[in-house]
K.L.:
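Shown below is the structure under consideration.
Remember, it's a predicted structure, so these values are computed and weren't measured experimentally. One-based numbering, in listed order, for ligands and for the atoms of each.
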Amino acid sequence: MMDGFKLHRAYLDRAAQAAMVKDIRECLTSAPLFQPVMPRTGKSFSVRMSNAGPFGWVSDKAGGYRYQARHPVTDTPWPPIPDSILSVWRALADYDAEPEACLINWYAPDAKMGLHRDTDEDDRDAPVLSISLGDSAVFRIGPPEKGAKTASVKLESGDVCLLTGPARESRHGIDRVLGGSSTLLNAPGRINVTLRRVSVP
Ligand code: SIN
Ligand code: FE2
């Protein structure tokens, strides 16, 4: 596995996972899931998204990938990052500043996320912290260069992973969701919460 990829298996127990899902659903009532679209091609992501925190990650055909302070559909500020999520960053990120973006990814059982790098942040020294909830998924990660050899790892509900050091620059994505592998959510599917620092502190 890549240098700087840190996996905390079953970091959240079932009760903590359920509490976090409740907090996420509350965020989604004020900041509903939206359908991001790729720059240029205009192709929809199969993953639906929302955000919490001062900045949210959005993408559309005209503006491309970016962070912005307001929801692209409702045009209201994102809700604050729930304490249940912030506390995971404070415990594991080993970084002095707070996260500014909490991306909420909703994967239906047939959704996937193509290999990509996280490069839209001004602060690339901070780790990227990612929490998996609900159905398991096959995560793939490799060096930044296209065509380089990759490795895959199954991420399960309650797992927390960090991209630090060389892995912060990795190409990574989700090959597939293993629909029905978890009973946490009321329906098949997966939630991924990604915390990032956007500005240089
Ligand atoms: C991402 O890299 O943007 C998402 C990874 C995941 O869903 O686990
Ligand atoms: Fe990513």
K.L.:
Below the 2.8 Å mark, what number of protein N, O or S atoms do you get around the Fe ion (ligand 2)?
P.N.:
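N, O or S atoms of the protein closer than 2.8 Å: 3.
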
K.L.:
Taking distance alone, no hydrogens or angles, what donor-acceptor pairs closer than 3.5 Å link side-chain atoms of residues 6-13 to residues at least two apart or in another chain?
P.N.:
from, atom 1, to, atom 2, distance (Å)
Arg9, NH1, Lys154, O, 3.1
Arg9, NH1, Asp159, OD2, 2.7
Arg9, NH2, Lys154, O, 3.1
Asp13, OD1, Ala15, N, 3.2
Asp13, OD1, Ala16, N, 2.8

K.L.:
Under 4.0 Å from any heavy atom of Arg190, which atoms of ligand 1 are there?
P.N.:
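The atoms of ligand 1 under 4.0 Å from a heavy atom of Arg190 are 6 (C), 7 (O), 8 (O).
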
K.L.:
Taking the side chain as C-beta and beyond, is there a heavy-atom pair between Pro99 and Leu86 under 4.5 Å?
P.N.:
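Answer yes - side chains close enough.
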
K.L.:
Counting non-hydrogen protein atoms only, what is the nearest one to atom 7 (O) of ligand 1? Give residue, atom name and distance.
P.N.:
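Ranked first by proximity to atom 7 (O) of ligand 1 is Tyr107 OH, 2.5 Å.
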
K.L.:
Would you call Asp75 and Arg70 a salt bridge, taking side-chain N to carboxylate O under 4.0 Å as the test?
P.N.:
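Looking at Asp75 and Arg70, the cut-off is met.
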
K.L.:
More than 12 non-hydrogen atoms from neighbouring residues, nucleotides or ligands closer than 6.0 Å to CZ on Arg176, yes or no?
P.N.:
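Atom CZ in Arg176 is not crowded, with 12 or fewer foreign heavy atoms closer than 6.0 Å.
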
K.L.:
Under 4.0 Å from a heavy atom of His172: which atoms of ligand 1 are those, numbered in the order shown and with their elements?
P.N.:
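Those of ligand 1 that fall under 4.0 Å from His172 are 2 (O).
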
K.L.:
Counting from 1, what ligand 1 atoms have a heavy atom of His116 closer than 4.0 Å?
P.N.:
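Taking each heavy atom of His116 in turn, ligand 1 has 1 (C), 2 (O), 3 (O) under 4.0 Å.
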
K.L.:
Counting heavy atoms not belonging to Asp123, are there more than 12 under 6.0 Å from its CG?
P.N.:
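More than 12 heavy atoms, drawn from other residues, nucleotides or ligands, come within 6.0 Å of this atom.
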
K.L.:
What pairs meet the side-chain hydrogen bond (donor to acceptor under 3.5 Å, both in side chains) rule with one or both residues in residues 96-113, with sequence neighbours excluded?
P.N.:
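Sorted pair list: Arg90-Glu98, Glu100-Arg197, Glu100-Ser199, Asn105-Asn192.
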
K.L.:
Going by the side-chain hydrogen bond (donor to acceptor under 3.5 Å, both in side chains) test, name the single residue among Ser157, Ser132, Ser182 that passes it with Gln17.
P.N.:
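Only one option passes, and that is Ser157.
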
K.L.:
Check residues 20-28 and write down every donor-acceptor pair under 3.5 Å in which the side-chain atom is one partner and the other belongs to a residue at least two apart or another chain.
P.N.:
from, atom 1, to, atom 2, distance (Å)
Asp23, OD2, Ser84, OG, 2.7
Arg25, NH2, Asn186, OD1, 3.2

K.L.:
Return yes or no for this condition: an N or O of Asn192 is under 3.5 Å from an N or O of ligand 1.
P.N.:
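Yes; at least one N/O pair falls below 3.5 Å.
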
